[in-house]
There are 2 protein chains.
Amino acid sequence: MNDYTNILREHNLKATPQRLAIANALCTNGHMSIETLYGIMLKKFSSISLATIYKNINLMLENTFIQEVKLPNAKSVYELTKTPHSHLLCEACGNVEDILLNLNSIIEDALKASEFQIEKTDLVLSGVCKKCRK
Amino acid sequence: MNDYTNILREHNLKATPQRLAIANALCTNGHMSIETLYGIMLKKFSSISLATIYKNINLMLENTFIQEVKLPNAKSVYELTKTPHSHLLCEACGNVEDILLNLNSIIEDALKASEFQIEKTDLVLSGVCKKCRK
DNA sequence: TCCTAAAGGATAATTTTTATCTATTGATAA
DNA sequence: TTATCAATAGATAAAAATTATCCTTTAGGA
């Protein structure tokens with residue numbers, strides 16, 4: 001169980017018990033939707049309001065403490081901000097994994113082919129994970 | 001103005017005037033959100049119901065006549081199904097463009113690094129387009 | 001320890017999306 | 001052509017998702 005007190009403060013977020021619990025839930029679970037996060041939070045704070053979840057998720061996004069991951073045919077999930085990475089989505093079980101891929105050559109190709117100044121990439125690779133293939 | 005009658009039918013969709021208009025709107029505009037599509041459709045069918053837009057979008061998605069494009073920090077847009085491609089998003093003006101990029105090497109890397117059987121990719125490159133950079 | 005802006009909980013309001021119901025219509029076959 | 005019928009459109013209600021409001025509580029600095 002990590003202590004996110006200081007990391008929250010570095011992102012200009014007061015370290016409330018609810019926020020520390022959100023941070024820990026995301027740390028242990030990796031990627032979570034609003035509703036599953038709400039479910040987990042309810043176990044610890046039986047009277048937590050769904051509005052508190054939304055307010056914190058939005059504030060944490062604005063302050064880049066967390067990131068939203070938009071998935072095809074699924075609800076968005078949220079993760080703690082890490083070094084840039086891509087995602088693997090299992091279409092069978094819905095599980096999401098991080099994967100580090102070097103996209104430099106792709107970005108170069110895109111720079112040549114377009115007139116865009118590219119700042120960031122969002123890549124989701126969808127398929128079937130090992131467990132679900134058996 | 002293309003005639004999508006047969007293409008709709010090939011996707012098991014009756015070619016109603018509303019659907020033909022949706023197809024043409026997507027063809028000429030490339031990528032559209034629900035609300036902008038509704039706005040355009042209202043010009044042609046002053047009493048069209050928003051429910052009709054949603055029902056058609058969902059049915060067209062199920063029958064792969066169109067695709068949803070999920071964008072970071074923006075609402076989803078929809079496009080006619082074409083050969084697989086990636087997207088460029090201008091963070092300044094919100095414009096979305098298609099871009100053909102060869103992702104084979106990335107997919108290979110991902111296959112090696114993961115235990116996934118990869119079926120498809122969703123890539124959005126965000127940045128600033130030429131017009132907005134001036 | 002005190003003070004204050006910020007946060008939490010309860011709840012209402014808003015927005016987004018889906019479901020329901022009836023009249024209409026596209027597509028097929030006689 | 002016309003008749004037939006399942007599918008669709010529109011109107012609207014309902015449900016789901018998200019945000020706003022209000023008041024009490026609290027984190028964190030003075």
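Model, not experiment: these values are computed from the prediction. Chain naming here is simple, since letters A, B, ... match the order of the sequence lines and numbering starts at 1 in each.
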Pair B/Thr28-B/Asn2, side chain to side chain contact (heavy atoms under 4.5 Å, CB included): steps then yes or no: CA-CA 9 Å; B/Thr28 52; B/Asn2 231 312; over 6 Å; no
Taking only the side-chain nitrogens and oxygens of [X], find out if one of them lies under 4.0 Å from OP1 or OP2 of [N].
| X | N | value |
| --- | --- | --- |
| B/Thr16 | C/dT25 | no |
| B/Asn58 | C/dT17 | no |
| B/Tyr54 | C/dT18 | no |
| A/Thr52 | C/dG9 | yes |
| B/Lys55 | D/dG10 | no |

Check: protein-nucleotides 1-5 of chain C nitrogen or oxygen pairs below 3.5 Å:
none

Salt-bridge present (A/Glu35, A/Lys75; N to O < 4.0 Å): yes
Ion pair B/Lys82/B/Asp98, N-O distance below 4.0 Å: yes
Could you check how far [atom1] of [X] sits from [atom2] of [N], rounded to whole Å?
| X | N | atom1 | atom2 | result |
| --- | --- | --- | --- | --- |
| B/Lys70 | C/dT16 | NZ | C1' | 14 Å |
| B/Ile57 | D/dA9 | CD1 | P | 12 Å |
| B/Leu42 | D/dG10 | CG | C1' | 12 Å |
| A/Leu50 | D/dA16 | CG | C1' | 11 Å |
| A/Met60 | C/dA6 | CE | C1' | 14 Å |
| A/Ile53 | C/dA7 | CD1 | P | 15 Å |

Among the nucleotides [options], which one has an atom lying closest to any side-chain atom of [X]?
| X | options | answer |
| --- | --- | --- |
| B/Ala51 | D/dA11, D/dA9, C/dT11 | D/dA11 |
| A/Leu59 | C/dG9, C/dA7, D/dA11 | C/dA7 |
| A/Arg9 | C/dT11, D/dG28, D/dA9 | D/dG28 |
| A/Ser49 | C/dT11, D/dG10, D/dA27 | C/dT11 |
| B/Gln18 | D/dG28, C/dG26, D/dA9 | D/dA9 |

Do you know the tightest heavy-atom contact between [X] and [Y]?
| X | Y | value |
| --- | --- | --- |
| A/Phe65 | A/Ala23 | CZ-CB, 3.8 Å |
| A/Ile106 | B/Asn102 | CD1-O, 3.3 Å |
| A/Leu8 | A/Ala15 | CD1-CA, 4.0 Å |

Axis deviation across the helix from C/dT1-D/dA30 to C/dA30-D/dT1, five-pair ends, to the nearest 10°: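 Nearest ten degrees gives 50° for this helix.
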B/Ala15 vs B/Lys75, nearer the 5' end of DNA chain C by closest nucleotide: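 That would be B/Lys75.
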Rounded distance [0.5 Å steps], SG in A/Cys27 versus CE in A/Met32: 11.5 Å
Shared hydrophobic cluster for A/Leu103 and B/Leu103 (ILVMFWY, side-chain gaps under 4.5 Å):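 Yes; B/Leu103 is reachable from A/Leu103 via cluster members.
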Name of the residue among A/Glu79, A/Glu97, A/Gln67 meeting side-chain hydrogen bond (donor to acceptor under 3.5 Å, both in side chains) with A/His31: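 Result for side-chain hydrogen bond (donor to acceptor under 3.5 Å, both in side chains) with A/His31: A/Glu79.
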